[in-house]
J.: 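Shown below is the structure under consideration.
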Amino acid sequence: MKNNNKVAVRIAQLRDIIEQHNYQYYVLDNPSIPDSEYDRLFNELKDLETQHPELQTLDSPTHRVGAKPLAVFKSITHKVPMLSIDNAFSSEDIDNFVRRINERLGSSNAVEFVAEPKIDGLAVSLVYENGVLSHAATRGDGATGEDITLNCRAIQDIPLRLHTKTPPDHAEVRGEVYMLKSRFQQLNAIALSENSNPFANPRNAAAGSLRQLDPNITRKRGLSFFAYSLPEAQMLKHSDCLQQLRDWGFKVCDQIQLVSGVSGCEEYFKQLGIKRDLLPYEIDGIVYKVNSLADQKELGFVSRSPRWAIAYKFPAQEVMTELLAVDFQVGRTGILTPVARLQPVFVGGVTVSNATLHNMDEIARKDIQIGDTVIVRRAGDVIPEVVGSVLAKRPKNAKQIKAPTKCPVCNSAAIRMEGEAAIRCMGELSCPAQLKEAIAHFASRRAMDIDGLGDKLVDQFVEANLIRTVADLYVLKYDQLLQLERMGEKSANNLLQAIDSSKNTTLERFLYALGIREVGTTTAKTLAFEFGDLEPLMLANIEQLQRIQDIGPVVAESIYVFFQQQHNLEVINKLIKYGVHWPKNKIERKVLPLAGQTFVLTGAMVSLTRDAATEILQNLGATVAGSVSKKTTYVVAGAEAGSKLAKAQQLGVKVLNEEQLLEILRMHD
Ligand code: IVH
């Protein structure tokens, strides 16, 4: 026992010493012992922990290495949502931002802000329970993110334990995971020497390194972390929070400054703009935050962003190059997007050889021709875009860009619909390009999440005619897979396994996966919540859909039209038949299944009284009216129905018999 005690003391001592050295090395950039001595201590700790597994703890520095790869990321719900910040692009925007704050706070004093570089990485939330790092998550959609605890443990700047003897029971720390420019260059040099693809920029490199199922890869990539907020802090000022973070052992960006009023913000912007290229990490702007937490609370939020913070983005970087050609790319919904093929040019840290031209109207507006010298802009991680052409440099042989009349992939007619800027291929899912996009979308992470079903595989499936609708994925056979190029037994099994597990999904994912035009993840979530199950949604009319918050006429129509199409219904039926399922939502629906429908009951019914039928219909959200008009959805005619039935027939209102009414009631039972 005594001996064990001694070991425990030594282990605790080693952990403290090693974490102290980690802190000196990674956070303070000031190593205090030679690497060999560090390795000796680390190995001693590892050996002791191996001999005494009962003394292992999660906050041991040995846990930064050696964790096993995960099969999937779990999701984590954020206790406080991770919101985004509004952007400002000009000093006028900053003027307005500061003015609005003064107005809301009813003060004319210069507001004190904390000005922070906007680090170009990924937002991460770290949760410490009793001072020990217990969970880490990505931002995700702001409400829920992915559990990246193991990966964050592999980032040396992130303390596994807060440096304090009196840790709070619970603390959430937020900040940015990023990659140093020097590390990015090193990794890309290695990638090039190994003939693999280099990363486009440090942000992509950081994202790719953080979202690794194997945390050992994350560790080897050498990511960094800056802490920038304590969302649940009970302090007076944001600057106090930053000090707390430093005291707890976090790296806080050393360019952060207190500034006052508009002039302070402008001055900081100028100064940081000059230093920007010299900083060892990429920044894409500045975040200004009101320093007083009481004022922050008073200012509150508008939609999804706080009124007390703004991100002033550095102007996009622009360069000139030659437009070599224009191709039309077919997207998931058949839209043909003109893509500029450019003489490769270096802008904003990456080489750009393609850029979107959006649509034909944009091309006309910007007066762009093939052969022109064009201005290309790239801002942050946004897709590069052609801003316009330099008319003075237009060559004599410049060529007009013609709108395609045929789809470049399937040769179907390409038509510009009235009121739309886009040209669409009319081939729908018979167009291999649209089908490929639809399958890739269906399998994507936020949809059915079929791991391993990448673009190359989708191309092969479509080209080999193995898949004609997304439902065909669920009847793929092992032997069929083996016939594909570069498909081994193990990958084939893994893929079938991934396809099989995707059957167990959520309504929200399923709706998003269907690829209904205008329905992104947020709308899919809203629909799942409001309707609880697929059937009531499929039966909803445009009016009912529009009654839902955030669903406007265009989205409502798109959803309605989608569920009217026979092809879509067949695919949905097959998917369900092949085993795709989701838990039914028990939440009381805000939109009742028959909301927006008006019934008129007439004549005598056998199985229930008119009053009983009225009550049931009303409970389902329908209106039960006394007289027939054009607005009536259904007239239910019992025995000896008289003038109301005649009126319905005259107005062309649909008439149901008792059995058909019961059918509707049963459907919503
Ligand atoms: S504060 C409600 N501070 O910029 C305020 N964000 O939308 C939440 N970012 O992706 C964010 N540096 O990850 C804040 N010093 C900084 C930041 C920063 C980079 C990122 C953040 C988020 C985006 C803001």
Side-chain angles (χ1 to χ4, degrees), residues 78-89 93 97 101 113-126 136-146 148 152 155 157-158 172-181 201-207 210-211 223-233 237-246 250-259 265 268-269 272 275-276 279-293 295-314 379-382:
H78 301 299
K79 199 165 158 207
V80 181
M82 290 182 81
L83 303 162
S84 52
I85 333 181
D86 263 354
N87 289 325
F89 296 98
D93 291 346
F97 165 70
I101 289 177
F113 292 102
V114 178
E116 306 182 3
K118 186 165 181 299
I119 312 295
D120 207 2
L122 297 105
V124 161
S125 145
L126 308 170
T138 59
R139 176 170 182 272
D141 62 4
T144 44
E146 284 179 324
I148 47 161
C152 284
I155 298 174
D157 289 348
I158 296 181
E172 184 182 349
V173 173
R174 289 186 183 166
E176 199 85 352
V177 167
Y178 64 97
M179 188 177 280
L180 286 166
K181 290 179 188 168
N201 53 44
R203 200 198 110 85
N204 281 4
L210 191 60
R211 277 202 84 258
L223 293 173
S224 306
F225 179 77
F226 275 137
Y228 59 59
S229 97
L230 271 172
E232 295 164 289
K237 294 182 171 179
H238 176 59
S239 48
D240 300 336
C241 298
L242 295 177
Q243 191 49 46
Q244 173 72 275
L245 288 166
R246 284 186 204 102
F250 289 93
K251 227 179 195 170
V252 172
C253 176
D254 62 1
Q255 299 296 324
I256 295 178
Q257 271 179 28
L258 281 178
V259 299
C265 293
Y268 181 84
F269 182 79
L272 200 67
K275 282 196 230 163
R276 181 183 180 189
L279 295 175
Y281 39 82
E282 294 256 17
I283 61 173
D284 59 346
I286 293 163
V287 184
Y288 296 107
K289 304 175 183 172
V290 169
N291 195 17
S292 151
L293 295 190
D295 286 350
Q296 283 192 7
K297 207 164 165 200
E298 187 172 340
L299 290 163
F301 295 83
V302 56
S303 76
R304 311 191 78 224
S305 354
R307 287 202 190 85
W308 44 263
I310 201 154
Y312 193 176
K313 293 287 199 71
F314 287 124
D381 53 351
V382 179

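Start at 1 and go down the list; that is how both ligands and their atoms are numbered.
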J.: Could you check atom 20 (C) of ligand 1 against the protein and tell me its nearest heavy-atom contact, residue, atom and distance included?
T.: Glu176 OE1, 3.5 Å
J.: Around atom 24 (C) of ligand 1, find the nearest protein heavy atom and jot down its residue, atom name and distance.
T.: Ile85 CG1, 3.3 Å
J.: Looking at ligand 1, would Gly121 count as a contact under a 4.0 Å heavy-atom criterion?
T.: no
J.: Which bit of Pro117 is near ligand 1, meaning a heavy atom under 4.0 Å away: side chain, backbone, both or neither?
T.: backbone
J.: Hey, looking at atom 14 (C) of ligand 1, which of Tyr228, Phe226, Tyr178, Trp308 has the closest heavy atom?
T.: Tyr228
J.: Mind checking whether Phe250 and Tyr228 have ring centres under 6.0 Å apart?
T.: no
J.: Could you check whether Glu116 and His238, counting side-chain N and O atoms only, form a donor-acceptor pair closer than 3.5 Å?
T.: yes
J.: Could Glu176 and Lys118 be called an ion pair, given the rule that one side-chain N must be under 4.0 Å from one carboxylate O?
T.: no
J.: Nearest protein heavy atom to atom 10 (O) of ligand 1, by residue and atom, and its distance?
T.: Ala123 CB, 4.1 Å
J.: Between Val177 and Ser224, is any pair of side-chain heavy atoms under 4.5 Å apart?
T.: no
J.: Can you list the ligand 1 atoms lying under 4.0 Å from a non-hydrogen atom of Glu116?
T.: 3 (N), 15 (N), 16 (C)
J.: Can you pull out the closest protein heavy atom to atom 12 (N) of ligand 1? Residue, atom name and distance to 0.1 Å, please.
T.: Ile119 N, 3.0 Å
J.: Provide, to 0.1 Å, the distance between atom 3 (N) of ligand 1 and the closest protein heavy atom, together with that atom's residue and name.
T.: Lys289 NZ, 2.9 Å
J.: What is the ring orientation for Tyr178 with Phe226, classed by angle as parallel under 30°, tilted 30 to 60°, or perpendicular over 60°?
T.: parallel
J.: With heavy-atom distances below 4.5 Å as the criterion, would you say the side chains of Tyr288 and Phe269 are in contact?
T.: yes
J.: Can you find a pair of side-chain heavy atoms, one from Ile310 and one from Val287, that are under 4.5 Å apart?
T.: no
J.: Does Lys181 come within less than 4.0 Å of Glu282, counting only side-chain N to carboxylate O?
T.: no
J.: Check ligand 1 against Pro306 and write out every atom of the ligand that is under 4.0 Å from a heavy-atom position of the residue.
T.: 2 (C)
J.: Give me the nearest non-hydrogen protein atom to atom 4 (O) of ligand 1 as residue plus atom name, then the distance to 0.1 Å.
T.: Lys118 CE, 3.2 Å
